[in-house]
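See below for the structure under consideration.
These numbers come from a predicted model, not from an experiment. No hydrogens, no waters, no symmetry mates; every other heavy atom, side chains included, goes into these values.
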There are 4 protein chains.
Amino acid sequence: MSRKSSFNQEIIIKEDKSGPVDTKTPGRKRCPVAHQNILQATSKLLNEIGFSNLTIEGVAAHAGVGKTTIYRHWPNKASLVMDAFLAETAPQFPYPDTGSVIRDIREQMKLVIKVLNSPNGKTVATLIGASQTDKELAEAFRTRFLAVRRTESKAILKKGIERNEIPSNIDADVLLDTLYAPLYFRLLIKHAPLTEIFVDQLVNLITTGLNRTNLST
Amino acid sequence: MSRKSSFNQEIIIKEDKSGPVDTKTPGRKRCPVAHQNILQATSKLLNEIGFSNLTIEGVAAHAGVGKTTIYRHWPNKASLVMDAFLAETAPQFPYPDTGSVIRDIREQMKLVIKVLNSPNGKTVATLIGASQTDKELAEAFRTRFLAVRRTESKAILKKGIERNEIPSNIDADVLLDTLYAPLYFRLLIKHAPLTEIFVDQLVNLITTGLNRTNLST
Amino acid sequence: MSRKSSFNQEIIIKEDKSGPVDTKTPGRKRCPVAHQNILQATSKLLNEIGFSNLTIEGVAAHAGVGKTTIYRHWPNKASLVMDAFLAETAPQFPYPDTGSVIRDIREQMKLVIKVLNSPNGKTVATLIGASQTDKELAEAFRTRFLAVRRTESKAILKKGIERNEIPSNIDADVLLDTLYAPLYFRLLIKHAPLTEIFVDQLVNLITTGLNRTNLST
Amino acid sequence: MSRKSSFNQEIIIKEDKSGPVDTKTPGRKRCPVAHQNILQATSKLLNEIGFSNLTIEGVAAHAGVGKTTIYRHWPNKASLVMDAFLAETAPQFPYPDTGSVIRDIREQMKLVIKVLNSPNGKTVATLIGASQTDKELAEAFRTRFLAVRRTESKAILKKGIERNEIPSNIDADVLLDTLYAPLYFRLLIKHAPLTEIFVDQLVNLITTGLNRTNLST
DNA sequence: ACCTAAGCGAGACGGTACGTCAGGTCTTTCG
DNA sequence: CGAAAGACCTGACGTACCGTCTCGCTTAGGT
């Protein structure tokens with residue numbers, strides 16, 4: 001793993017694993033204070049001025065750090081922002097346990113839109129936006145943000161199948177895309193608001209299906 | 001309407017509305033050749049180097065045109081790109097008429113993924129990406145791309161309701177988001193491929209609903 | 001002559017010589033005010049902080065000008081400084097006319113050391129210093145500073161030969177090097193001061209010669 | 001004398017004065033190999049890429065040494081280069097003994113131009129150049145290079161006075177400047193070549209004097 | 001047939017941020 | 001404790017584009 005090649009680990013660890021290897025790492029250690037300062041300054045600026053107005057020079061100034069130090073830790077702006085974002089947003093979407101898996105999902109989706117409607121939502125949107133241009137950022141978003149959430153979601157779906165609330169022959173990714181993509185789509189396009197009612201309509205539609213939807217919305 | 005304020009009309013027409021008004025427009029007329037050259041150069045560069053590497057200076061050079069001429073016609077890069085994109089992509093998503101509205105939709109969605117899997121799909125993605133940063137571009141995307149398609153789609157849904165294939169109490173925007181958002185989500189995130197099978201699974205799920213999906217996928 | 005290749009002409013002339021050729025130079029003209037402001041700011045900074053502490057960014061800031069404008073006019077720091085230096089120092093070493101050529105030279109040399117002992121002298125020294133590294137600067141120094149002075153000096157020597165004050169078989173460059181090099185050497189090395197007495201000693205030595213120097217110093 | 005304040009001594013010796021004292025110098029001894037490697041790497045790089053392209057980092061890399069080690073031995077680039085230069089160039093300008101002091105000087109001057117025309121001459125030039133900016137380097141050049149040579153030269157002049165070849169009332173520094181400055185001037189300005197003929201012309205002029213030069217050049 | 005207002009290609013202008021380089025200092029680990 | 005490796009902050013570099021502003025044309029109504 002070359003020094004700057006990846007930002008898929010928040011801290012680049014000089015791998016030392018395995019046995020009595022020499023594991024020598026001469027030279028001064030990276031200052032964790034600088035690292036933290038940079039992440040915090042980035043988070044702050046992200047929320048204040050947004051991704052596209054955020055500059056490396058600005059972060060350096062706010063963090064009291066040389067530009068080079070930033071470039072030593074992250075290969076580009078996007079990866080820096082990704083780390084800052086995840087450090088702040090990681091553990092925000094827990095599934096409740098209401099007894100009904102469908103209801104658990106519905107409630108968790110309402111949690112999701114709460115975050116997406118907050119400043120963090122704007123950051124998610126700009127990160128997805130920047131991903132269209134930046135392959136590494138896109139990869140980081142998939143593996144460090146989306147995949148983590150999908151793993152949790154799939155556990156819930158498994159529970160739903162065990163309880164016979166969800167058919168066992170369903171493709172989990174298809175179902176999750178159908179449930180969550182509309183939320184992100186409205187986040188990104190802003191053609192309609194992200195409301196709890198929308199979540200209800202969505203879940204009703206998907207549970208009932210068009211063929212049987214002759215009831216309430 | 002100030003000269004540069006909007007790019008929601010492909011050609012900014014000096015309004016000469018009707019009647020015996022003086023309608024004076026002294027001076028040389030805008031050269032339509034330059035306009036076309038600029039759009040074509042933009043399309044070419046978009047496909048070759050992508051939205052974010054595209055610069056106004058580059059377009060000017062390729063079109064054999066002064067930068068000023070571009071700024072006289074469009075207020076910014078995003079609007080220029082939007083025009084170039086729509087000029088090339090506008091009429092690509094017709095609904096067939098198979099007798100069944102559900103089947104019409106399914107087939108049209110397969111058309112959509114064909115476009116999204118082409119170079120034009122990349123451009124759509126970068127435009128949505130850039131919209132996260134650029135409000136005017138976002139607005140243009142909603143009104144000039146999405147709204148146009150939604151209008152068509154709603155006409156189809158209306159036909160479906162009249163034919164009793166679709167429940168009348170459904171919210172059209174919710175349904176259309178549920179159908180199409182997963183396509184755009186996969187386009188943007190690339191966590192899974194955009195295949196015809198995916199379209200089939202998606203339509204099946206939405207028509208049947210989770211409660212009744214004990215059949216094939 | 002490419003746009004940036006040379007700084008041996010203070011103003012880069014778009015050559016148009018010869019006949020009724022079209023000689024078109026499209027585009028906005030270079031702003032002479034900016035040019036002058038830059039030169040003046042450079043002169044000022046040169047005298048205040050010296051050549052090696054002078055930065056392009058500093059000049060730009062002082063001149064109220066973008067860095068790019070400087071780079072558009074001069075290829076590098078050295079050439080800029082050369083221009084600024086010559087604009088300020090050009091006409092400073094006139095030969096008097098005392099009736100005796102030897103005395104004319106002696107007096108002019110005293111003028112030279114006056115300049116070399118002033119802040120301008122420091123600039124001369126740093127320019128010669130920087131020339132050791134920068135070929136273009138060296139060439140500019142030779143042709144735009146030294147050669148100009150040598151031309152004048154040779155005219156004086158010719159007059160001296162006509163008046164039989166100076167032997168006709170002398171090599172002008174050798175004589176001029178012998179007279180002036182010691183001044184520049186002391187300027188550069190600072191091992192001894194540049195005084196009028198030194199000039200007198202020097203001229204006495206060279207006129208009388210070692211073989212006959214049994215008189216005063 | 002603080003550890004790093006001066007580079008006027010080639011090797012900073014940890015004094016271990018006299019007697020059977022324990023002379024404790026705790027810790028690891030300075031590695032003389034490192035010292036030599038650094039000087040050699042510096043000399044090599046000086047001749048290859050010149051003074052101004054030479055970097056401390058480059059020297060460290062070539063010598064297989066940490067930057068800190070270099071800074072522990074020398075306070076800055078100029079002093080390092082000075083040491084490297086003198087280590088290689090020190091004993092190169094001996095005066096011959098031909099019987100005539102004037103002839104001794106003339107021959108030694110021809111030796112000098114030989115060195116000045118070699119790669120070492122380029123280094124001398126860049127050192128004088130860099131001295132214009134760097135006071136410590138200038139001082140080092142005066143005391144460690146020039147003064148050494150002047151001492152020898154003055155001994156020769158004294159011999160010349162004793163032999164009545166040179167007038168006793170001459171100022172040695174003035175004479176030496178008159179003799180040698182033209183050589184260095186041509187080295188630095190390159191407006192004319194450094195040839196043996198030039199040396200002859202120069203010595204002839206200074207010995208004979210303008211008033212009597214109606215003979216050979 | 002002439003004005004005159006606007007469009008045109010070209011390119012200079014004041015800026016901002018980029019990503020890199022080298023400087024000289026500080027810190028860690030090993031010998 | 002010295003030497004190596006290398007992270008640290010600083011400051012300037014030269015470049016790329018930005019969006020605006022002249023330049024010296026050309027074009028085409030309106031009088």
Once you round it to whole Å, what is the distance between [atom2] of [N] and [atom1] of [X]?
X: D/Ile70; N: E/dT25; atom1: CD1; atom2: P; value: 13 Å
X: C/Trp74; N: F/dT15; atom1: CH2; atom2: C1'; value: 19 Å
X: C/His35; N: E/dC13; atom1: NE2; atom2: P; value: 10 Å
X: D/Gln36; N: F/dA3; atom1: CD; atom2: P; value: 14 Å
X: A/Tyr71; N: F/dC9; atom1: OH; atom2: P; value: 15 Å
X: D/Ile49; N: E/dC21; atom1: CD1; atom2: P; value: 15 Å
X: C/His62; N: E/dG14; atom1: NE2; atom2: P; value: 16 Å
X: D/Asn76; N: E/dT25; atom1: CG; atom2: C1'; value: 15 Å

Where the side chain of [X] is concerned, which of [options] is the nearest nucleotide?
X: D/Lys67; options: F/dG14, E/dT25, E/dC13; result: E/dT25
X: A/Thr68; options: E/dA22, F/dC17, F/dC23; result: E/dA22
X: A/Glu57; options: E/dA17, E/dA22, F/dG29; result: E/dA17
X: C/Lys29; options: F/dG24, E/dG23, F/dG14; result: F/dG24
X: A/Arg30; options: F/dC13, E/dG9, F/dA7; result: F/dA7

Assess whether atom NZ of A/Lys29 is packed by more than 12 heavy atoms of other residues, nucleotides or ligands within 6.0 Å. yes
Close side-chain approach of [X] and [Y], heavy atoms under 4.5 Å:
X: C/Ile56; Y: C/Trp74; answer: no
X: B/Leu127; Y: B/Phe51; answer: yes
X: D/His35; Y: D/His73; answer: yes
X: A/Val33; Y: A/Gln36; answer: no

Distance below 4.0 Å between A/Arg72 side-chain N/O and F/dC8 OP1 or OP2: yes
Using only side-chain N and O atoms of C/His73, determine if any of them is under 4.0 Å from OP1 or OP2 of E/dC13. yes
If each of A/Thr69 and C/Asn53 is mapped to the nucleotide of DNA chain F with the nearest heavy atom, which maps nearer the 5' terminus, i.e. the 5' end?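 Comparing both residues, the 5'-ward one is A/Thr69.
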For B/Thr55 and A/Ala63, take the nucleotide of DNA chain F holding the closest heavy atom to each; which residue's nucleotide lies nearer the 5' end?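 Looking at DNA chain F, the more 5' nearest nucleotide goes with A/Ala63.
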A/Gly58 near the nucleic acid: base, sugar-phosphate alone, or nothing, with a heavy-atom cut-off under 4.0 Å?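 Answer is nothing: A/Gly58 stays at 4.0 Å or more from every strand.
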Whether the side chain of A/Arg28 and the base of E/dC26 hold a donor-acceptor pair under 3.5 Å is what I'd like checked.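 Pair found.
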Contact nearer the 5' end of DNA chain E, comparing C/Val65 with B/Pro32: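 The residue closer to the strand's 5' end, by nearest nucleotide, is B/Pro32.
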